[in-house]
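Here it is, the structure, as structure tokens.
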2 protein chains.
Amino acid sequence: MKIDPTNILKEHALKHTKQRVRVLEEIALDTVAISQPELEKKLGKEIDRVTLYRILNIYEDKGILHRIMDMNGTANYAICSSSCSAEHHHDEHIHFNCTTCNKIYCLDVAVPHSTMPKGFTAKTVNTTAYGICEKCNLAVKKN
Amino acid sequence: MKIDPTNILKEHALKHTKQRVRVLEEIALDTVAISQPELEKKLGKEIDRVTLYRILNIYEDKGILHRIMDMNGTANYAICSSSCSAEHHHDEHIHFNCTTCNKIYCLDVAVPHSTMPKGFTAKTVNTTAYGICEKCNLAVKKN
DNA sequence: AATATAAATGCAATATAATTGCATTTATAT
DNA sequence: ATATAAATGCAATTATATTGCATTTATATT
């Protein structure tokens with residue numbers, strides 16, 4: 001995914017700081033979502049823990065990133081598709097959480113719709129499939 | 001939901017202790033999932049924090065409870081339907097997470113199936129809808 | 001019913017994660 | 001060039017989870 005951090009920050013009226021740029025760069029490196037601890041490990045020397053928290057929060061608020069919780073309650077972040085906004089996260093796609101390598105993929109698969117019971121109004125629907133990802137499936141075959 | 005703690009414990013070859021019974025009783029009170037902090041608040045006088053963690057973990061392992069993470073990374077617990085086992089959690093239903101009261105409902109709605117991309121093998125699929133639950137929707141209308 | 005023993009509990013200590021307050025630094029509008 | 005409003009980093013705090021170990025408890029056996 002090719003992103004332009006400077007432009008993203010401008011679009012959302014956020015100050016352009018090197019920490020904010022670095023976070024976006026790091027997350028954009030992979031289409032796979034990256035976890036908070038991984039980010040912290042990668043950026044820990046350059047960016048303070050607290051600052052990282054704050055940057056991730058503001059990015060989520062603005063709809064720049066979206067946050068996916070894995071089964072351990074760890075936050076994972078991925079760049080939102082361009083149609084996201086602060087009001088409405090367009091994260092109605094399927095996440096695939098590999099139980100071997102723990103990576104979270106954003107799958108390009110339509111979310112099947114299901115009707116809610118009477119009285120319940122759904123805003124967003126999130127589907128996460130747990131299983132073995134392509135890479136780990138291949139790794140098993142090799143051994 | 002009518003459950004028999006003594007029987008459940010026996011079925012899973014778990015020792016019958018008053019703490020374990022209390023946890024099951026408390027969770028069975030409501031069809032809605034209960035969060036770890038809520039449980040802790042309710043049982044904190046009777047059961048030690050650590051013991052509670054351990055009981056919840058063992059119940060999850062055995063397939064007696066299933067754990068649903070809410071968007072804050074907080075664990076919520078609900079009694080598994082009888083078809084659950086240690087090997088295979090039958091949690092292929094839809095959860096509804098109310099963004100107002102934060103409660104998580106286990107909806108009795110079939111999970112729509114979606115096909116995984118080539119190379120990905122899914123074991124379980126979890127769908128969570130976020131929105132306003134029946135109770136909170138009614139509460140709004142009243143005001 | 002008494003007792004051996006293996007497991008569960010509770011407490012203290014430790015580890016890990018997240019948040020808050022505040023002084024300093026930095027981006028940007030003028 | 002500079003004023004100022006915001007972001008950062010650090011220290012301290014608070015919250016959450018885990019580990020080790022002594023004590024208690026459930027249950028199988030006699």
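The chains referred to below are lettered A, B, ... by the order of the sequence lines, with proteins before strands, and numbering in each begins at 1.
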Extract from the structure each pairing of a protein N or O with an N or O of nucleotides 28-30 of chain D at less than 3.5 Å, listing the distance.
none

Within this structure, what is the CD-to-P distance between Q19(B) and dC11(C), rounded to whole angstrom?
11 Å
Just how far, in rounded Å, is P of dT9(C) from CG of L56(B)?
11 Å
Round to a whole Å and report the spacing from CG of D48(B) to P of dT9(C).
10 Å
Taking CG from N72(B) and C1' from dA17(C), how many angstroms apart are they, rounded to a whole number?
14 Å
Do you know which of I68(A), I27(A), V23(A) makes side-chain contact (heavy atoms from CB on, under 4.5 Å) with Y77(A)?
I27(A)
Does the separation of the ring centres of F96(A) and Y130(A) fall below 6.0 angstrom?
no
Over how many whole Å does the gap from L43(B) atom CG to dT9(C) atom C1' extend?
15 Å
Return the value, rounded to whole Å, for the distance between atom CG of L52(A) and atom C1' of dC10(D).
16 Å
Strand DNA chain D as a dot-bracket string - pairs counted if Watson-Crick or G-U with both distances under 3.5 Å, | where the partner lies in another strand:
||||||||||||||||||||||||||||||
Any I64(A) side-chain heavy atom under 4.5 Å of I8(A) side chain:
yes
Hey, are T127(A) and N126(B) close enough side-chain-wise for a donor-acceptor pair under 3.5 Å?
no
I58(A) with I47(A), same ILVMFWY side-chain cluster at under 4.5 Å
yes
Reading 5' to 3' through nucleotides 18-30 of chain C, protein heavy-atom contacts under 4.0 Å coded B for base, S for sugar-phosphate only, - for none
BBBB-----BS--
Would the distance check show the side chain of E38(A) and the main-chain N or O of S35(A) forming a donor-acceptor pair, the cut-off being under 3.5 Å?
yes
